[in-house]
Participant: 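Just dropping this structure here.
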Amino acid sequence: MSRIFSILFFVILQAHPGNSQSRGFISYSVQDGLAQSNVTDITEDQWGNLWLATSGGLSKFNGLEFTTYNKQNGLPSNQIYCLTLDDAGNIWLGTNKGISRYDGHSFTNYQLGDLKQGHIVNNILADKGSIWFSSTSGDLFRLNRNSEPGVEMLPVKSFGSKITGIAVVNDMIWVATYQKGIYKYQNDKFHQLPLGANYQHLGITCMYIDHENTPWIGANGELYKFQNDSLLSVQSRHSTTKDFDIYSITEEEHGVLWLGTTSGAYRYYQGTCTPVNAADGLTDNTIYKIHRDREGTLWFGSFGNGFHKSLGELFTRL
């Protein structure tokens, strides 16, 4: 019997990232202290705390317990949609009432002069001395991080379509839009990338930049990679029978990508896309955000099903 266990232990240790594997998960809910069960974004501060955007306020998780911040603590709204961390350690938040900065002690709120009724701040990015953010009306804003609180901001550009991603590529701001293409900010102007007739009107839902500074795009249920200044479709999960969208992309080690979708999470490796869902201990619900922390642990923010921590690849299915 001991020889059998030794062989199995050796097989587990030798498991290759491409093998079919089962993961364990720990799930956190409102009963555990999470502010609300919709987790739309995740970021990590310099001390390793995780900050979660929820529909019930801002949650901070130190690995043991949650602390919640809401309107009673100075936020303009409990509806938090996106987060970013600047190089000074401030947390910036996008809400349905504008943006806010948390410096570890208090919140500073900034107003949007033309944030239309029903629109929200859905993307936010800290870049050197500026905060870039967008609203679902298709407007892109830029704020000097030293601006006075309460300042009204007008958009620097309106793209005429929902902005679905803001990222830094080779020290340039890239903006992805839904069906209006991708733009880069160079020499104080926005230039549309020549994606070609087949890709110019893609329904882009997210954009991610990997460790090699390569952009990845989720659009129309497909995963695309920028290669030689053009888009290459590497995996399709498009379905004609039900809606399937990719909401987030995150890089793991060994060249593995994780996709947060409207149908749970998917693990992409060398052309193969494998679902990870309720059967594996996660959820079949929408995964809005996947975050890989400084220790390599994956965290999943879901729609209506709370916050999930991956325990790593535990077993290889024999």
Participant: Any side-chain heavy atom of Y247 within less than 4.5 Å of one from L259?
Facilitator: no
Participant: Would you mind reporting whether V39 and L34 have side-chain heavy atoms less than 4.5 Å apart?
Facilitator: yes
Participant: Rounded to the nearest 0.5 Å, what separates atom CG in N305 from atom CG in N285?
Facilitator: 5.0 Å
Participant: Taking all heavy atoms of I290 and all of A265, pick out the closest pair and write down the distance.
Facilitator: CD1-CB, 4.5 Å
Participant: Going by distance alone, is a donor N or O of one side chain under 3.5 Å from an acceptor N or O of the other, for Q79 and T95?
Facilitator: no
Participant: What are the two closest heavy atoms between I173 and V168, and how far apart are they?
Facilitator: CD1-CG2, 3.9 Å
Participant: Check the pair W258 / Y266 against ring pair (Phe, Tyr, Trp, His ring centres under 6.0 Å), numbers first and verdict last.
Facilitator: CA-CA 6 Å; W258 282 84; Y266 284 77; 9.6 Å; no
Participant: Looking at every heavy atom in both R267 and V276, which two are closest together, and how far apart are they?
Facilitator: CB-CG2, 4.4 Å
Participant: Going by atom types alone, do S134 and N122 pair a side-chain donor with an acceptor below 3.5 Å?
Facilitator: yes
Participant: Is R145 paired with D87 through a side-chain N to carboxylate O contact shorter than 4.0 Å?
Facilitator: yes
Participant: So, do I42 and Y288 sit near enough that their side-chain heavy atoms are less than 4.5 Å apart?
Facilitator: no
Participant: Would Y102 and N90 satisfy side-chain contact (heavy atoms from CB on, under 4.5 Å), going step by step from the backbone distance to the final call?
Facilitator: CA-CA 6 Å; Y102 182 65; N90 298 303; over 6 Å; no
Participant: Please determine which of Y110, F133, Y81 meets the ring-ring contact (aromatic ring centres under 6.0 Å, His included) test together with W92.
Facilitator: Y110
Participant: Which side-chain N or O atoms in residues 182-191 pair as donor and acceptor under 3.5 Å with protein atoms at least two apart or in another chain?
Facilitator:
from : atom 1 : to   : atom 2 : distance (Å)
Y183 : OH     : K180 : O      : 3.3
H191 : NE2    : Q186 : O      : 3.2

Participant: Could you pull out all donor-acceptor pairs under 3.5 Å where a side-chain atom in residues 49-58 meets a protein atom, sequence neighbours excluded?
Facilitator:
from : atom 1 : to  : atom 2 : distance (Å)
N49  : ND2    : D45 : OD2    : 3.1
W51  : NE1    : D45 : OD2    : 2.9
T54  : OG1    : G56 : N      : 2.9
T54  : OG1    : G57 : N      : 3.2
T54  : OG1    : G57 : O      : 2.7

Participant: Is S263 close to D284 at the side-chain level, that is, under 4.5 Å between some pair of heavy atoms?
Facilitator: no
Participant: Does F107 form a side-chain contact (heavy atoms from CB on, under 4.5 Å) with L93? I'd like the steps, not just the answer.
Facilitator: CA-CA 10 Å; F107 289 94; L93 309 86; 4.1 Å; yes
Participant: Please walk me through it: do E222 and R237 pass salt bridge (Lys or Arg N to Asp or Glu O under 4.0 Å)?
Facilitator: CA-CA 6 Å; E222 294 192 41; R237 308 298 298 183; over 6 Å; no
Participant: How about Y28 and V30: do any of their side-chain heavy atoms sit closer than 4.5 Å?
Facilitator: no
Participant: More than 12 foreign heavy atoms under 6.0 Å from CD of Q46: is that the case here?
Facilitator: yes
Participant: Taking all atoms of both residues into account, what is the closest heavy-atom pair of C82 and N123, and its distance?
Facilitator: SG-N, 3.6 Å
Participant: Starting from the C-alpha separation in whole Å, work towards a yes-or-no answer on side-chain contact (heavy atoms from CB on, under 4.5 Å) for T283 and H308.
Facilitator: CA-CA 9 Å; T283 177; H308 308 266; 4.1 Å; yes
Participant: For I204 and G181, which heavy atoms make the closest approach, and how far apart are they?
Facilitator: CD1-O, 4.4 Å
Participant: What's the verdict on ring pair (Phe, Tyr, Trp, His ring centres under 6.0 Å) for F25 and W299, showing C-alpha distance, side-chain angles and the deciding distance?
Facilitator: CA-CA 9 Å; F25 293 88; W299 301 81; over 10 Å; no
Participant: Under 3.5 Å, is there a donor on one side chain and an acceptor on the other for S137 and S135?
Facilitator: yes
Participant: Any chance you could measure I166, atom CD1, to I131, atom CD1, to the nearest 0.5 Å?
Facilitator: 10.5 Å
Participant: Test side chain to side chain donor-acceptor pair (under 3.5 Å) on S100 and N109; report intermediate values, then the result.
Facilitator: CA-CA 4 Å; S100 300; N109 300 318; 2.6 Å; yes
Participant: Going by atom types alone, do T297 and E295 pair a side-chain donor with an acceptor below 3.5 Å?
Facilitator: no
Participant: Can you see whether D245 engages T205 through a side-chain donor-acceptor pair at a distance of less than 3.5 angstrom?
Facilitator: no
Participant: Hey, mind stepping through S310 and F300 against side-chain contact (heavy atoms from CB on, under 4.5 Å) and telling me if it holds?
Facilitator: CA-CA 8 Å; S310 170; F300 300 76; 4.0 Å; yes
Participant: Do we see a donor-acceptor contact under 3.5 Å between the side chains of R142 and S130?
Facilitator: yes
Participant: Looking at R292 and E252, is any side-chain nitrogen of the basic one under 4.0 Å from a carboxylate oxygen of the acidic one?
Facilitator: no
Participant: Would you mind reporting whether I163 and L140 have side-chain heavy atoms less than 4.5 Å apart?
Facilitator: yes
Participant: How about T250 and L257: do any of their side-chain heavy atoms sit closer than 4.5 Å?
Facilitator: no
Participant: State the OH-CD distance between Y268 and E251, to the nearest 0.5 angstrom.
Facilitator: 12.5 Å
Participant: In Å, rounded to the nearest 0.5 Å, how long is the span from CG of L231 to OH of Y199?
Facilitator: 6.5 Å
Participant: May I ask you to test the K162-T164 pair for a side-chain heavy-atom distance under 4.5 Å?
Facilitator: yes
Participant: Which atom names give the shortest non-hydrogen contact between K97 and S77, and what distance separates them?
Facilitator: CG-CB, 3.5 Å
